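Because the structure is predicted, anything quoted here is derived from the model rather than measured.
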Amino acid sequence: MLKNLRISLVLLVLCGLIYPLTMTGLAQAIMPNQAEGSLITDPAGKVIGSELIGQSFSAPQYFTGRVSSITNNAAGSGSNNYAPSNPALKERVEKDVAAFLAANPGVKKEDIPADLLTNSASGLDPDLSVQAAKIQVARIAQARGLDPRRLEQLIAEQTVGPSLGLFGEPRVNVLKLNLALDQLR
């Protein structure tokens, strides 16, 4: 019995204190930005978000991100995981299509990229496809009085290639894109 208690205490200290503190210290030393949550700050140094967690933008002068069934609340990531045949999913998508078309009158329903209408698995995806960003250019150009070519150039500047050059598609971080958009003024 005493032997089991000693083993439990040693493992508790080793696995519950020493290992986590060592890993935290290494992470802070090797990659401090990532260890702190990849936070994005404004010019005054105030934290305005993380490049890893999507945010909701609804004003017409901003790029909108992916749908989030959890309203981008990182405290509980996940999505509804509805099957394509689920009536609730169909209703939500139809409502989102109607809202997008109302906000972007020159766009045809069949041209809306899927990532503007679908959840990511976590509900927190901060990125959009390049096509999903470009389809919003006309609305934003009109709302801000900017040349659409300048917005397309901004999208190109903010586009990140596939991870490690292999995984995924080129994408744009919506928060970073909107911050760069605010810097145009």
Side-chain angles (χ1 to χ4, degrees), residues 19-43 45-59 61-84 89 92-93 96-97 100 104 107 110-140 148-184:
Y19 178 76
L21 290 174
T22 302
M23 290 299 109
T24 301
L26 282 171
Q28 291 286 345
I30 296 170
M31 46 189 176
N33 182 48
Q34 291 87 342
E36 292 296 325
S38 301
L39 300 176
I40 297 174
T41 56
D42 65 10
K46 179 183 173 199
V47 174
I48 55 175
S50 168
E51 65 182 84
L52 303 174
I53 299 175
Q55 292 189 13
S56 298
F57 292 93
S58 58
Q61 67 268 24
Y62 287 106
F63 288 92
T64 58
R66 290 188 74 166
V67 174
S68 176
S69 58
I70 58 167
T71 60
N72 294 304
N73 182 353
S77 69
S79 72
N80 294 333
N81 199 24
Y82 290 142
L89 176 62
R92 199 249 329 135
V93 170
D96 288 344
V97 167
F100 188 82
N104 300 274
V107 176
E110 60 270 11
D111 293 336
I112 302 173
D115 55 327
L116 284 173
L117 302 173
T118 56
N119 278 319
S120 65
S122 67
L124 300 171
D125 193 351
D127 301 322
L128 279 180
S129 66
V130 175
Q131 180 188 7
K134 285 183 176 181
I135 203 165
Q136 300 179 62
V137 164
R139 179 193 77 235
I140 296 164
R149 291 176 296 194
R150 179 62 185 110
L151 290 175
E152 289 184 9
Q153 179 185 3
L154 186 66
I155 292 169
E157 292 168 4
Q158 294 294 319
T159 298
V160 177
S163 299
L164 301 175
L166 299 170
F167 304 108
E169 297 291 324
R171 62 198 179 281
V172 181
N173 183 289
V174 178
L175 177 57
K176 287 182 173 181
L177 181 60
N178 283 330
L179 289 172
L181 184 59
D182 282 343
Q183 296 300 316
L184 289 179

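In this structure, Ile112 and Leu117 have side chains that are in contact, with non-hydrogen atoms separated by less than 4.5 Å. The shortest side-chain heavy-atom distance between Leu181 and Asn178 falls under the 4.5 Å cut-off. Two residues are said to be in side-chain contact when any heavy atoms from C-beta on lie closer than 4.5 Å; Val67 and Thr118 fail this criterion. In this structure, the side chains of Tyr62 and Val174 stay at 4.5 Å or more apart for every pair of heavy atoms. Looking at Ile155 and Gln158, their side chains never come closer than 4.5 Å, going by heavy atoms from C-beta outward. Within the 4.5 Å cutoff, the side chain of Phe63 has no heavy atoms near those of the Val172 side chain. Taking the side chain as every heavy atom from C-beta outward, Val130 and Arg171 never approach each other to under 4.5 Å. Side chains of Leu164 and Phe167 form a contact here, defined as non-hydrogen atoms less than 4.5 Å apart.
Taken from CD in Glu36 to CG in Leu39, the straight-line distance is 7.0 Å, to the nearest 0.5 Å. Annotation: the span from Met23 atom CE to Gln28 atom CD amounts to 13.0 Å, rounded to 0.5 Å. To the nearest 0.5 Å, the span separating CG on Asp42 from CG on Asp182 amounts to 11.0 Å. Summarising the geometry, atom CZ belonging to Arg139 is positioned 9.0 Å from atom CD belonging to Gln61; distances are rounded to the nearest 0.5 Å.
A salt bridge links Arg66 and Asp125; the closest N-O separation between the charged side-chain nitrogens and carboxylate oxygens is under 4.0 Å. Using a 4.0 Å cut-off between a side-chain N of Lys or Arg and a carboxylate O of Asp or Glu, Glu157 and Lys176 do not qualify as a salt bridge.
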Worksheet item: Please walk me through it: do Arg92 and Asp96 pass side-chain contact (heavy atoms from CB on, under 4.5 Å)?
Response: CA-CA 6 Å; Arg92 199 249 329 135; Asp96 288 344; 2.5 Å; yes
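Shown here for Pro84 and Leu89, the closest heavy-atom pair between the two residues is CA-CD2, 4.0 Å. Nearest heavy-atom pair, Leu154 versus Ala180, reported as atom, atom and distance to 0.1 Å: CD1-CB, 3.7 Å. In terms of heavy-atom proximity, Gly65 sits nearest to Leu116 at O-CD2, 4.0 Å. The shortest heavy-atom contact between Glu152 and Val137 is CG-CG2, 4.1 Å. Closest of all the heavy-atom pairs between Leu52 and Ser38 is CD1-OG, 3.7 Å. Considering every non-hydrogen atom in both Ser50 and Gln55, the closest pair reads N-NE2, 4.5 Å.
A donor-acceptor contact shorter than 3.5 Å is absent between the side chain of Asp115 and the backbone of Leu128. Remark: the backbone N or O of Val107 is not paired with any side-chain donor or acceptor of Asp111 at under 3.5 angstrom. Without hydrogens or angle criteria, Glu51 side chain to Gly37 main chain gives no donor-acceptor distance under 3.5 Å.
By the 6.0 Å contact criterion, CG on Leu166 is enclosed, its count of non-hydrogen atoms from other residues, nucleotides or ligands being greater than 12. Within 6.0 Å of CE on Met31 lie no more than 12 heavy atoms contributed by other residues, nucleotides or ligands. For Gln34, the CD atom counts as densely surrounded, since its 6.0 Å shell holds more than 12 non-hydrogen atoms of other residues, nucleotides or ligands.
Between Gln136 and Thr64, the side chains place a donor N or O and an acceptor N or O closer than 3.5 Å (distance only, hydrogens not considered).
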